Amino acid sequence: MPQPCQNCHELEKMDLEECVLVRFNMKRNIECPITDSTLIQLSIHCPKLQALSLSHCELITDDGILHLSNSTCGHERLQVLELDNCLLITDVTLEHLENCHNLERIELYDCQQVTRAGIKRIRVEILM
């Protein structure tokens, strides 16, 4: 899998909406969708990340968000997280995001496994 952010320690904003990473092979290009592995790499290599769009990255799961929320950028920097139409995201993701102390905006449009109760809980946590 390509590591798009390995040398991006100063990166503050990243838009991966509907993105597919492409790895160049000697004979052909190989498409690599955005997955939890991508989030692990972002968590390791992008400690200053403040805004991240993952909308329509349909392979992102609660586990990927856990890695992001437990990282330096998650705890200290992340202000905006767009997860629109991430179909595998659940209320568990919202629990993980409670670790993101500077989070000001979360977009969850059409995340079908996120409940109203989960959204109410995260609202209370963010406002406290």
Side-chain angles (χ1 to χ4, degrees):
M1 147 130 191
Q3 296 179 354
C5 52
Q6 196 164 23
N7 295 314
C8 299
H9 302 290
E10 301 296 319
L11 187 69
E12 294 180 358
K13 297 178 183 176
M14 183 172 250
D15 185 347
L16 296 173
E17 183 174 341
E18 297 185 56
C19 188
V20 176
L21 300 174
V22 177
R23 179 173 55 191
F24 301 101
N25 193 329
M26 296 292 281
K27 298 180 182 183
R28 61 189 171 113
N29 296 341
I30 302 170
E31 291 187 355
C32 300
I34 304 299
T35 65
D36 292 343
S37 296
T38 310
L39 293 185
I40 291 169
Q41 293 303 311
L42 285 170
S43 299
I44 294 168
H45 298 292
C46 301
K48 295 185 178 182
L49 196 61
Q50 295 174 12
L52 178 60
S53 176
L54 297 168
S55 296
H56 302 275
C57 294
E58 296 177 354
L59 299 178
I60 298 295
T61 72
D62 298 329
D63 290 336
I65 300 299
L66 174 63
H67 287 283
L68 186 67
S69 67
N70 284 334
S71 68
T72 301
C73 74
H75 279 295
E76 300 172 12
R77 306 263 184 177
L78 194 63
Q79 297 172 357
V80 176
L81 183 60
E82 298 173 359
L83 297 170
D84 297 329
N85 212 1
C86 291
L87 304 177
L88 301 177
I89 295 298
T90 71
D91 287 351
V92 173
T93 279
L94 302 180
E95 293 171 18
H96 297 327
L97 293 176
E98 291 174 10
N99 295 327
C100 300
H101 305 294
N102 290 316
L103 200 58
E104 296 173 2
R105 189 178 89 222
I106 308 167
E107 293 187 12
L108 297 165
Y109 179 77
D110 212 18
C111 292
Q112 298 172 5
Q113 296 188 62
V114 174
T115 67
R116 288 179 192 241
I119 292 170
K120 285 181 183 178
R121 271 194 308 277
I122 193 73
R123 273 189 182 161
V124 169
E125 289 298 320
I126 287 177
L127 295 175
M128 293 181 89

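Values below: all heavy atoms of this structure, side chains included; hydrogens, waters and symmetry mates excluded. All values derive from a computational prediction rather than experimental measurement. Quick note: residue numbers are just sequence positions, from 1.
Side-chain heavy atoms closer than 4.5 Å link hydrophobic residues (I, L, V, M, F, W, Y) into clusters, and following such links, even through other members, never connects Leu66 to Ile89.
Taking the side-chain hydrogen bond (donor to acceptor under 3.5 Å, both in side chains) definition, one finds that Thr115 meets it with Asp91, sequence neighbours left out. Remark: Glu82 engages Ser53, Arg105 in a side-chain hydrogen bond (donor to acceptor under 3.5 Å, both in side chains) (not counting sequence neighbours). For the side-chain contact (heavy atoms from CB on, under 4.5 Å) test, residues two or more places apart in sequence or in another chain that qualify with Gln50 are Glu12, Arg77, Gln79. Under the rule for a side-chain hydrogen bond (donor to acceptor under 3.5 Å, both in side chains), the partners of Asp110 that lie at least two apart in sequence or sit in another chain are Gln112. With sequence neighbours excluded, no residue forms a side-chain hydrogen bond (donor to acceptor under 3.5 Å, both in side chains) with Ser69. Residues meeting the side-chain contact (heavy atoms from CB on, under 4.5 Å) test with Leu59, sequence neighbours left out: Pro33, Thr35. Scored by the side-chain contact (heavy atoms from CB on, under 4.5 Å) test, Ile40 finds Ile44, His67 as partners (sequence neighbours excluded). Partners of His101 by side-chain contact (heavy atoms from CB on, under 4.5 Å), not counting sequence neighbours, listed by chain and number: His75.
Residue pairs meeting the salt bridge (charged side-chain N to carboxylate O under 4.0 Å, His left out) criterion with at least one partner in residues 62-75, sequence neighbours excluded, do not occur; the list is empty. Residue pairs meeting the salt bridge (charged side-chain N to carboxylate O under 4.0 Å, His left out) criterion with at least one member in residues 35-50, sequence neighbours excluded: Glu10-Lys48.
Within the 3.5 Å criterion, the main-chain N or O of Tyr109 finds a donor-acceptor partner in the side chain of Asp84. Using a distance-only test at 3.5 Å, with no hydrogens or angles considered, a donor-acceptor pair links the side chain of His9 to the main chain of His45.
Contact detail for Thr90 and Gln113: the closest heavy-atom pair is CG2-OE1, 3.5 Å. For the residue pair Leu16 and Cys57, the shortest heavy atom distance occurs at O-SG, 3.2 Å.
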